[in-house]
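Here is the structure we will look at.
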Amino acid sequence: MYYVKLISKALYFAEFSTSFAMADEEPVDQKKYLEDGCKPKCVKQLRSYEACVKRIQGDESGHKHCTGQYFDYWSCVDKCVAPSLFTKLK
């Protein structure tokens, strides 16, 4: 849980600091670029999520879900992004 709070704070500060750009500069969200670089490192979690989605496609009851696999994937991406996030901010 501590890690999730740390990432949430990092995202808040990333959004906060990029909102104060110079008048002639357009703020750019660096996290998106960092995520694109980290997604290939989390292929195992992505494949697990995709397999789950495929497995439950026919479920009409709504009881089955892939929330765990989804969060595993994004936790992997966030864990990769976190160390370099603050060095990219202005």
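All heavy atoms count here, side chains included; hydrogens, waters and symmetry mates do not.
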- Pair Q69-L46, side-chain contact (heavy atoms from CB on, under 4.5 Å): steps then yes or no: CA-CA 8 Å; Q69 291 84 352; L46 178 61; over 6 Å; no
- Query: Between the side chain of S48 and the main-chain N/O of K44, is any donor-acceptor distance below 3.5 Å?
  - Reply: no
- Could you tell me the separation between the CG atom of L34 and the NZ atom of K39, rounded to the nearest 0.5 Å? 11.5 Å
- Query: Do Y73 and Y49 make the cut of ring centroids closer than 6.0 angstrom?
  - Reply: no
- V77 and C38 have their tightest heavy-atom pair at O-CB, 4.2 Å
- Item | Test: C52-C66 SG spacing under 2.5 Å | yes
- Under 2.5 Å between the SG atoms of C80 and C42: is that the case? no
- Test item: side-chain donor near acceptor, H63 and S61, under 3.5 Å: no
- Query: Are Y70 and I56 co-members of a hydrophobic cluster defined by side-chain heavy atoms under 4.5 Å apart?
  - Reply: no
- Message: Would you compute the distance between atom CG of L85 and atom NZ of K31 and round it to the nearest 0.5 angstrom?
- Response: 7.5 Å
- Item | Contact list for residues 48-75, test salt bridge (Lys or Arg N to Asp or Glu O under 4.0 Å), sequence neighbours left out | R47-E50
- Nearest-0.5 Å distance, OG of residue S84 to OH of residue Y33: 15.0 Å
